[in-house]
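Just so you know, residue 1 is the first one in the sequence shown, and it goes up from there.
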Amino acid sequence: MRIGSGYDVHRLVPDRELIIGGVKIPYEKGLLGHSDADVLTHAIMDAILGAAALGDIGRHFPDTKAEYKDVSSIELLKQVKRFIEEKLYMIENIDATIVAQKPKLAEYIPAMVKNIARALNVEEDRINIKATTEEGLGFTGEGLGISANAVCLLENMMNFQVDVTPRNTSGCAGCGGCLKG
């Protein structure tokens, strides 16, 4: 088993869409960033990459490259999934927390879970997303930005053994010395 953690933060600004977990959320401000600035998906990507010892999203998707300008973070998450598959890792679970004073996010969390699970090709019950406020404290509490934390547990597929021993289906008592038993 391998554990990784991820964190991301973006400033709230006018004239940007607010996208969290691949969900467009109606709000007067959006998050500033080179991509769609999806803090939740960024934190999840960093948690996955960290667990696999593959660096961080800045290494794989630098904000200096035009190809990542306004890109969907959900699409980048799909690429991260391919990176870990190449190393034979599978996702056991992800637990993430969004920190935002406003807007309230509870009604959007089921769609976020669905988007993240679909992008990673895992069951929804492997993804847990929560949202909280900071009771008016700090930059998130003052409504200046939104942050997210995530933890991911990976398992290497090579750690699993598959029993390929032929089974006796012929009806003999079976001594174990041949393919019949």
Counting only heavy atoms not in [X] (residues, nucleotides, ligands), do more than 12 fall under 6.0 Å from its [atom1]?
X	atom1	value
K65	NZ	no
I3	CD1	no
K130	NZ	yes

Decide yes or no for [X] and [Y]: does some side-chain heavy atom of the first lie under 4.5 Å from some side-chain heavy atom of the second?
X	Y	answer
V71	S73	no
I48	L120	yes
L32	H10	no

Between [X] (side chain) and [Y] (backbone), is there a donor-acceptor pair under 3.5 Å?
X	Y	value
D56	L49	no
D95	V151	no
N115	G22	yes
N149	Y7	no
R2	A51	yes
H60	L54	yes
Q101	G143	no

Please report the interatomic distance [atom1]([X]) to [atom2]([Y]), rounded to the nearest 0.5 Å.
X	Y	atom1	atom2	result
H42	I57	NE2	CD1	5.0 Å
K102	I146	NZ	CD1	12.0 Å
I19	M112	CD1	CE	11.0 Å
L153	N93	CG	CG	5.5 Å
D8	S147	CG	OG	8.5 Å
S35	E75	OG	CD	12.5 Å

Worksheet item: Should L31 and L18 be marked as a side-chain contact (heavy atoms from CB on, under 4.5 Å) after you check the CA-CA gap, both sets of side-chain angles, and the distance that decides it?
Response: CA-CA 6 Å; L31 295 169; L18 180 57; 3.7 Å; yes
Please name the pair of heavy atoms, one in [X] and one in [Y], separated by the smallest distance, quoted to 0.1 Å.
X	Y	answer
I109	I129	CG2-O, 3.5 Å
A131	L105	CB-CB, 4.0 Å
K24	P26	O-CD, 3.9 Å
T41	G21	OG1-CA, 3.7 Å
D46	G6	CB-CA, 3.9 Å

Does one hydrophobic cluster hold both [X] and [Y], with members joined at side-chain heavy-atom distances below 4.5 Å?
X	Y	value
V9	I44	no
V80	M90	no
I25	L40	yes

Discussion item. Run the side chain to side chain contact (heavy atoms under 4.5 Å, CB included) test against D70 and tell me which residues pass, sequence neighbours left out.
Written reply: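 So D70 forms a side chain to side chain contact (heavy atoms under 4.5 Å, CB included) with R16.
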Practice prompt. Report the residues that fulfil side chain to side chain contact (heavy atoms under 4.5 Å, CB included) with D63, sequence neighbours left out, ordered by chain and then residue number.
Written response: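 D63 satisfies side chain to side chain contact (heavy atoms under 4.5 Å, CB included) with H34 only.
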Practice prompt. Check the angle between the aromatic planes of F61 and Y68 and answer parallel, tilted or perpendicular using the 30° and 60° thresholds.
Written response: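 The rings of F61 and Y68 stand perpendicular, inter-plane angle above 60°.
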Fill in: Salt bridge flag under 4.0 Å for residues E86 and R82
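Looking at R82 together with E86, the answer is no, because their closest N to O distance does not fall below 4.0 Å.
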Worksheet entry | Under the ring pair (Phe, Tyr, Trp, His ring centres under 6.0 Å) test, residues paired with Y89 that sit two or more places apart |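 Result, ring pair (Phe, Tyr, Trp, His ring centres under 6.0 Å) vs Y89: none returned.
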Discussion item. If we check side-chain contact (heavy atoms from CB on, under 4.5 Å) with V99, which of these qualifies: V39, T133, T132?
Written reply: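 Exactly one pass, corresponding to T132.
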